[in-house]
Engineer: 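For reference, the structure I am asking about is given below.
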Amino acid sequence: MKCPKCGSENVTVQMVTETNLKREKHGIFWWLCVGWWWLPIKWLFFTLPALLVKLFAPKKYKTVTKTKSVAVCQSCGKHWEV
Ligand SMILES: [Zn+2]
């Protein structure tokens, strides 16, 4: 495999697991405009039902983990998904 940035063949491929429960990061501008009303609404309509579902049907739902391959160039440090 060749590095798309520097063309080096010195590339290693790693398996990376990632969970779908990611924390979102927002800037101060997002909080001023959207965050203060969006989060309660989001919580009310998405998190609360999800919690209820989790409470009453804990075996049906689980966190989704997926595995992806990430190639890392040893020469320039670029990494990308395979
Ligand atoms: Zn490279």
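If you read the sequence from its start, that first residue is 1, and numbering goes on from there. Just so you know, ligand 1 is whichever comes first in the structure, and atom 1 is the first atom listed for that ligand. All values below were derived from every heavy atom in this structure, side-chain atoms included, with hydrogens, water molecules and symmetry-related copies excluded.
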Engineer: Pull up every protein N/O/S atom sitting under 2.8 Å from the Zn ion (ligand 1), skipping waters.
Structural biologist: Cys3 SG, Cys6 SG, Cys73 SG, Cys76 SG

Engineer: To the closest 0.5 Å, what do you measure between CE (Met1) and OG (Ser8)?
Structural biologist: 12.0 Å

Engineer: Under a 4.5 Å side-chain heavy-atom rule over Ile, Leu, Val, Met, Phe, Trp and Tyr, are Val11 and Val82 clustered together?
Structural biologist: yes

Engineer: Rounded to the nearest 0.5 Å, what separation is found between the SG atom of Cys3 and the NZ atom of Lys78?
Structural biologist: 7.0 Å

Engineer: For Thr12 and Gln74, does a side-chain donor sit closer than 3.5 Å to a side-chain acceptor?
Structural biologist: yes

Engineer: Do Leu51 and Leu55 land in one hydrophobic cluster if side-chain heavy atoms of ILVMFWY residues count as linked below 4.5 Å?
Structural biologist: no

Engineer: To the nearest 0.5 Å, what is the distance between NZ on Lys68 and CE on Met15?
Structural biologist: 11.5 Å

